[in-house]
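Order of the sequence lines sets the chain letters (A, B, ...), proteins ahead of strands, with each chain counted from 1. This is a predicted model, so every value here is computed, not measured.
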There are 2 protein chains.
Amino acid sequence: MNFNTEFVNKLRISGLRPTKQRIKICEILFNREKTFHFTINDLSKMISEKLNEKISLATIYNTIHAFKKKGYLKEISINSDKSYFDTNTSIHHHFYDEDTNQLIDCNEDDINEVKINNNLTGKKINSVEVLIKVASDNQNQN
Amino acid sequence: MNFNTEFVNKLRISGLRPTKQRIKICEILFNREKTFHFTINDLSKMISEKLNEKISLATIYNTIHAFKKKGYLKEISINSDKSYFDTNTSIHHHFYDEDTNQLIDCNEDDINEVKINNNLTGKKINSVEVLIKVASDNQNQN
DNA sequence: ATACTTATTATAATAATTCTAAACTATTGA
DNA sequence: TCAATAGTTTAGAATTATTATAATAAGTAT
Ligand SMILES: [Mn+2]
Ligand SMILES: [Mn+2]
Ligand SMILES: [Zn+2]
Ligand SMILES: [Zn+2]
């Protein structure tokens, strides 16, 4: 058998049925060395490039949200256009290049530890995320 | 005359024609003591409550984006659902209450200064924003 | 196998946002 | 003064992003 059994097992363990749609999406997202960022549209294109039979957009949304709920993906909101998803699920911060619309992980030591001195009472902190928006030096504010 | 002349002047100075739609939106957004956060939908509701004649949603978008471009508003992306706008245009960080979907400004001393040690070469930092997601203590992860 | 239950898919519907043609406003030059 | 014209703004129409739900498929029990 091929290495798909790995994904089949992971899906089963997570309580998700290992459908062919989900296995295909696993292969595209997780069968690689480095983590990466993508939009639903990016993923949709990757799927149609690598696959003859199509997966519906709604199924892609369903699958990505299921994976997010299980903790295999993080969602990152940068602007109102669309959501970015991240296969790096560790707590980390981001640079966002406003020229190229590229999202780039911060390294461990690119940024000081962010300390919250005073929290809202009765509330628990779920995440602390820093977003650094950058652009090329020549100013083009129109 | 009424205090509308203040907004008329500000609009003129900004190179924006003081239309009745824009003046109305100015009154709702800026004629108050404290800054606040709102969505386009929130604003749309406020307008239809306070006004007999309606302003088209597209015009609300146009106006808000024009004000943002002029620096009178900031846009904040929290989730993929919708954009939040902020009449507090200073650099500041946010708490986001995931139970109530409320966005709350951090105080000056709620959070340590965020220092960027290492930036992308050839790029200028436009903003550094921290988002702290909070929720009630009793865990309800479904 | 077959019936039954529950999860999943994907079409259809909705919500958020943007496009663009028509309406309006300001400027120019007789 | 007041067309003609150029530029701006509005808002209905179109598009894009996302979600709801009816149909389908997968798992479970008999
Ligand atoms: Mn925007
Ligand atoms: Mn979402
Ligand atoms: Zn990342
Ligand atoms: Zn704020």
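- Whole-Å rounding puts the B/Lys82 NZ to C/dT18 P distance at 15 Å.
- Only A/Ser56, A/Ala58, A/Thr59, A/Asn62, listed by number, bring a heavy atom of residues 47-63 of chain A to less than 4.0 angstrom from any atom of DNA chain C.
- By the side-chain hydrogen bond (donor to acceptor under 3.5 Å, both in side chains) test, A/Gln21 pairs with no residue at all, sequence neighbours left out.
- Here the C1' atom of nucleotide C/dA16 and the CG atom of B/Leu43 are 15 Å apart, to the nearest Å.
- In this structure, the NE2 atom of B/His65 is 17 Å from the P atom of D/dA11, given to the nearest Å.
- With contacts defined as side-chain heavy-atom distances shorter than 4.5 Å, the pair B/Leu73/B/Leu29 qualifies.
- Every residue meeting the side-chain hydrogen bond (donor to acceptor under 3.5 Å, both in side chains) condition with B/Glu98, not counting sequence neighbours, appears here in chain and number order: A/Asn126.
- Counting only residues at least two apart or in different chains, side-chain hydrogen bond (donor to acceptor under 3.5 Å, both in side chains) contacts with residues 8-20 of chain A comprise A/Ser14-A/Tyr72.
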key: Verdict with reasoning, A/Thr39 to A/Asp42, per side chain to side chain donor-acceptor pair (under 3.5 Å)   = CA-CA 5 Å; A/Thr39 65; A/Asp42 294 337; 3.1 Å; yes

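- One atom, CD1 of B/Ile64, and another, P of C/dA16, lie 16 Å apart when rounded to the nearest Å.
- Residues B/Glu53 and B/Lys24 are not paired through a salt bridge, judged by the lack of any N-O separation under 4.0 Å between the basic side chain and the carboxylate.
- Taking the ring-ring contact (aromatic ring centres under 6.0 Å, His included) definition, one finds that A/His94 meets it with A/His37, A/His92, sequence neighbours left out.
- One interatomic measurement links the two molecules: CD of B/Glu75 to P of C/dA16, which rounds to 14 Å at whole-angstrom precision.
- The aromatic rings of B/Tyr84 and B/Tyr96 sit perpendicular to each other, their planes meeting at more than 60°, with 30° as the lower class boundary.
- Against DNA chain D, the stretch residues 10-26 of chain B makes heavy-atom approaches under 4.0 Å through B/Leu16, B/Arg17, B/Thr19, B/Gln21, B/Arg22.
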